[in-house]
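Worksheet for the structure shown next.
Heavy-atom basis, side chains included; hydrogens, waters and symmetry copies ignored. Just so it is clear: chains get the letters A, B, ... in the order the sequence lines come, proteins before strands, and each one is counted from 1.
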Amino acid sequence: MALRIYDTLTQAKREFVPVTPGQVTMYVCGMTVQNKPHVGHIRSSLSAELMRRYLEHLGFSVRYAYNFTDIDDKIIERASQESVGWESVSERNIAAYRQFADLHNIKQATVYPRATEHIAEMHAMIARLIDRGHAYAAGGDVYFEVRSKADYGKLSNRRVDELREGYRIEPGEIKKDPLDFALWKGAKPGEPAWESPWGPGRPGWHIECSAMAMKHLGETIDIHGGGQDLIFPHHENEIAQSEACTGKPFANFWCENGLVNLSGSKMSKSVGNFFFIEDIAAKVDPEITRFYLLSTHYRSPIEFSLERLEEAGVAYARLRGPLERTQAWTAADGPAPGGALGEAVATAERLFHEAMDDDFNSAAAVGHLFDLARAINRALDEGGTSEATQGARRLLALGGILGLFWKAPATDAAWPAEVLALAEERVAARAARDWKRSDALRDQLAALGVLVEDSGQGQKLKRR
RNA sequence: GGCGGCAUGGCCAAGUGGUAAGGCGAGGGACUGCAAAUCCCUUAUUCCCCGGUUCGAAUCCGGGUGCCGCCUCCA
């Protein structure tokens with residue numbers, strides 16, 4: 001079965017065929033690094049990374065660029081509030097993003113291009129757009145002329161004439177049409193500026209993505225990602241300027257991810273309802289956050305709350321159960337077990353791939369993982385340990401395609417001495433059939449956040 | 001107002017023509033000294049409402065209702 005991907009531009013799913021056989025280029029609009037990364041940034045990165053992982057699993061070689069827009073009004077504003085250079089604001093937030101992406105097992109992109117490192121490429125593009133009659137310089141700025149491109153609005157299904165209503169020209173802007181957008185913004189006194197053929201200034205918002213995508217991935221890229229809130233105007237403008245420049249399609253698949261909601265409405269600074277990822281990571285195991293985000297389809301909105309995450313934690317523990325019971329933390333894959341479990345493995349693997357082939361449906365794929373987990377538990381309960389271990393390794397491999405199961409559980413050696421002492425005493429109490437003492441020790445351990453489970457193989461400690 | 005999307009059991013969430021995945025929660029049972037974990041069973045005759053197409057619709061069409069996003073910086 002072939003991989004099918006939903007494309008915003010054509011508003012339909014279709015079979016994925018890359019420009020170059022065997023190779024895939026992906027560009028994702030990443031952070032404008034004016035603040036610390038929030039949950040939405042992680043979701044968007046994760047959605048793109050999910051595609052990347054699956055494409056690689058299918059055997060494609062993927063070249064993936066995740067950009068940082070490291071200069072804009074708010075970065076400048078923030079730097080001036082803090083009396084530091086814009087670079088220090090950008091650097092700090094980029095570092096934070098990289099740290100938390102890593103913490104959530106988001107594979108590093110092939111390249112992390114930054115806007116300010118591509119000023120020359122942007123200048124070249126702007127010059128070309130002016131040559132071709134799609135852009136004009138005015139008062140130190142350069143604008144893209146929206147009306148010069150007949151298909152402007154095709155991504156977001158908007159028509160220029162309808163958009164004009166209510167649109168206003170900012171003071172100081174000298175545009176031919178209110179919808180024209182800045183490719184280059186002339187510097188105001190005291191602002192960071194780069195030299196250009198049109199005078200000192202800095203890039204407008206959208207041009208950096210076109211310039212960087214083309215430089216690192218080529219003039220037509222396979223997959224372009226980002227949050228759904230970027231469809232208009234950002235992605236719309238990217239298409240317009242890129243295609244006006246090259247005359248070629250800019251991206252074959254537009255894959256925008258759904259947004260993160262908080263108590264029913266979109267997370268945003270103006271409403272004051274948003275989660276920095278560092279605050280979440282302090283409370284929730286990143287592996288659980290990752291699992292939670294993957295358990296909803298990437299294009300659907302997702303509600304983010306501590307309750308949801310706690311629920312996900314219980315579910316995820318269940319999924320990891322067979323791995324812990326068999327200690328199958330290495331040697332993912334391996335031979336398939338026989339018998340009923342073998343059938344369950346084959347079924348789960350088939351359904352998992354069918355789900356992922358259908359526009360990266362990780363939510364459905366995860367569901368099939370639960371079925372496999374149950375089959376392994378059943379085999380284990382029936383004493384088929386080696387079969388179950390083989391099954392667990394297959395489960396580990398499937399989860400690995402989604403970037404799950406990357407952390408083995410804490411071993412006994414990692415427990416504090418205090419915990420180990422209590423545990424040891426409890427083993428002794430149980431040997432003496434002193435249930436009263438045994439239960440008291442279990443309560444004491446619970447108070448330390450340690451869950452005790454008794455089984456045929458003796459007592460097991462778990463963090464709760 | 002324009003554009004896009006969504007409405008599935010107590011909650012979360014898959015499912016685009018063939019008779020409702022999965023998770024959480026809840027109830028019952030097995031196992032256990034008791035628990036926990038695990039397994040088994042039960043928990044939507046029904047998918048916002050009304051029409052229509054079809055042998056057959058949660059899935060397609062028409063009309064409602066409600067919610068969300070974009071149209072201004074936002075992943």
Side-chain angles (χ1 to χ4, degrees), chain A residues 8 11 13 28-32 34-35 37-48 66 72-74 97 153 155-159 161-168 170 179 205 225-234 236 256-261 264-270 274 291-292 295-297 299-303 305 307-308 310-319 321-322 324-325 351 355 358 361-371 373-382 430 433-436 438-439 442-443 446 451-456 459-460 462 464:
Chain A
T8 308
Q11 295 181 3
K13 283 182 210 173
V28 170
C29 293
M31 287 180 74
T32 299
Q34 54 199 213
N35 207 335
H38 59 236
V39 178
H41 294 121
I42 292 300
R43 184 183 196 199
S44 149
S45 302
L46 188 54
S47 302
Y66 179 95
D72 90 319
D73 290 350
K74 285 184 181 161
Y97 169 81
L155 181 70
S156 55
N157 282 309
R158 275 155 230 246
R159 271 156 285 291
D161 294 315
E162 285 166 3
L163 277 167
R164 292 192 67 171
E165 274 178 67
Y167 222 91
R168 65 173 203 273
E170 296 292 327
L179 288 166
W205 179 28
Q228 278 171 356
D229 51 353
L230 295 181
I231 294 174
F232 189 90
H234 185 58
E236 192 68 73
E256 283 93 355
N257 61 274
L259 304 180
V260 175
N261 287 169
S265 56
K266 180 191 162 184
M267 187 172 76
S268 81
K269 290 172 207 169
S270 49
F274 72 107
F291 168 77
Y292 176 63
S295 62
T296 295
H297 185 91
R299 275 191 291 109
S300 302
I302 191 169
E303 184 74 25
S305 70
E307 286 129 283
R308 287 281 89 78
E310 275 166 26
E311 201 177 290
V314 176
Y316 190 59
R318 177 175 172 72
L319 209 50
E324 303 198 356
R325 293 179 75 186
L351 295 176
D358 184 13
N361 193 339
S362 60
V366 162
H368 300 124
L369 257 32
F370 278 100
D371 287 332
R374 182 182 300 106
I376 298 168
N377 280 326
R378 196 182 296 133
L380 233 25
D381 287 353
E382 287 164 3
R430 285 175 57 73
R433 304 184 71 79
D434 183 352
W435 308 126
K436 228 176 161 151
S438 163
D439 291 352
R442 182 164 64 196
D443 291 345
L451 206 71
V452 183
E453 289 178 8
D454 297 315
S455 75
Q459 146 183 306
K460 265 202 330 214
K462 271 186 170 175
R464 59 173 301 272

message = Looking at A:K74, is its backbone amide N or carbonyl O close enough to the side chain of A:Q34 to form a donor-acceptor pair, meaning the two atoms are under 3.5 Å apart?
response = no

remark   = For nucleotides 23-33 of chain B, 5' to 3', base contacts (B), sugar-phosphate-only contacts (S) and non-contacts (-) with protein non-hydrogen atoms under 4.0 Å give BS--------B

ask   = Under the 3.5 angstrom rule, does the side chain of A:E236 hit a backbone N or O of A:G153 as a donor-acceptor pair?
value = yes

query = Is the backbone N or O of A:G40 less than 3.5 Å from a side-chain atom of A:S44, with the two atoms forming a donor-acceptor pair by type?
reply = no

key: A:E303 side chain near A:T296 side chain, heavy-atom distance below 4.5 Å   = no

ask   = In which ranges does RNA chain B form stems of 3 or more consecutive Watson-Crick or G-U pairs, distances under 3.5 Å?
value = B:1-7 with B:65-71, B:10-12 with B:22-24, B:25-30 with B:38-43, B:48-52 with B:60-64

request  = Find the distance A:D381:CG to B:A37:C1' and express it as a whole number of Å.
outcome  = 9 Å

inquiry  = Side chain of A:D358, heavy atoms from C-beta onward: which of B:A36, B:G15, B:A14 has the nearest atom to it?
reply    = B:G15

task = Kindly indicate whether the side chain of A:H38, heavy atoms from C-beta on, has any atom under 4.5 Å from the side chain of A:V260.
result = no

request  = Determine the Euclidean distance between corresponding P atoms of B:C12 and B:C3; express it in Å to zero decimal places.
outcome  = 30 Å

P spacing across the pair B:C67 / B:U8, given as an integer number of angstrom = 14 Å

note = With the side chain defined as heavy atoms from C-beta on, A:R378 is closest, among B:C39, B:A13, B:A75, to B:C39

key: Rounded interatomic separation in angstrom, taking NE2 from A:H297 and P from B:G15   = 7 Å

request  = Sticking with atom P, work out how far B:U59 lies from B:G63, rounded to a whole angstrom.
outcome  = 16 Å

ask   = At under 4.0 Å, does any side-chain N or O of A:R325 touch on OP1 or OP2 of B:U38?
value = no

message = Heavy-atom nearest nucleotide on RNA chain B for A:S455 versus A:G367: which residue maps closer to 5'?
response = A:G367

remark   = Under a 4.0 Å heavy-atom criterion, the protein footprint on nucleotides 1-8 of chain B, written with B, S and -, is -BSS----

key: Short N-O contact, A:D381 and A:R378, less than 4.0 angstrom   = no

task = Under 4.0 Å between any heavy atoms, over every strand shown, what does A:V39 touch: base, sugar-phosphate, or nothing? Just pick one.
result = nothing

key: Test applied, side chain to side chain contact (heavy atoms under 4.5 Å, CB included); reference residue, A:H297; option that passes from A:P301, A:S300, A:S295   = A:S300

query = Quick one: are A:E256 and A:L155 in side-chain contact, heavy atoms under 4.5 Å?
reply = yes

query = Looking at B:G15, B:A75, B:C39, which one has an atom nearest to any side-chain atom of A:N377?
reply = B:C39

ask   = Hey, does A:V452 reach any base, or is it just sugar-phosphate, or nothing, if we go heavy atoms under 4.0 Å?
value = base

query = Is it true that a side-chain atom of A:D358 and a backbone atom of A:N361 form a donor plus acceptor pair closer than 3.5 Å?
reply = no

task = Figure out the NE2/C1' separation between A:H38 and B:C73, and round it to whole Å.
result = 12 Å

inquiry  = Mind checking if A:G30 touches a base, just sugar-phosphate, or nothing, with heavy atoms under 4.0 Å?
reply    = sugar-phosphate

task = Check whether any side-chain heavy atom of A:R325 lies under 4.5 Å from a side-chain heavy atom of A:N377, and answer yes or no.
result = yes

task = Figure out the CG/C1' separation between A:L259 and B:C70, and round it to whole Å.
result = 9 Å

Pairwise P distance for B:C48 and B:U16, with rounding to whole Å = 15 Å

query = Between B:C55 and B:A30, how far is it from one C1' atom to the other, in whole Å?
reply = 45 Å

inquiry  = Distance check, C1' atoms only: B:C31 and B:C40, in whole angstrom units.
reply    = 11 Å

inquiry  = What is the distance, to the nearest angstrom, from the CG atom on A:N261 to the C1' atom on B:C70?
reply    = 13 Å

ask   = Are any of the side-chain heavy atoms of A:N157 and A:Q11 separated by less than 4.5 Å?
value = yes

remark   = When A:C29 and A:K13 are each assigned the nearest nucleotide of RNA chain B, the 5'-most assignment goes to A:K13

ask   = When rounded to the nearest Å, what value does the distance between C1' atoms of B:A14 and B:A58 take?
value = 12 Å

request  = Please determine, by modelled atom types, if A:N257 and A:R43 share a side-chain donor-acceptor pair under 3.5 angstrom.
outcome  = no

query = Using a cut-off of 4.0 Å on non-hydrogen atoms, how would the nucleic acid contact of A:N361 be classed: base, sugar-phosphate, or nothing?
reply = sugar-phosphate

request  = Find the distance A:K462:NZ to B:A37:P and express it as a whole number of Å.
outcome  = 8 Å

key: d(CD, A:Q459; C1', B:A37) in whole Å   = 14 Å

key: Whole-Å C1' distance, B:G22 and B:U43   = 15 Å

query = Which heavy-atom pair separates A:A315 from A:F291 by the least distance, and what is that distance?
reply = CB-CE2, 4.1 Å

query = Between atom CG in A:L230 and atom P in B:A75, what is the gap in whole Å?
reply = 6 Å

ask   = So which of A:R442, A:K462, A:K460 actually passes side-chain hydrogen bond (donor to acceptor under 3.5 Å, both in side chains) with A:E453?
value = A:K462

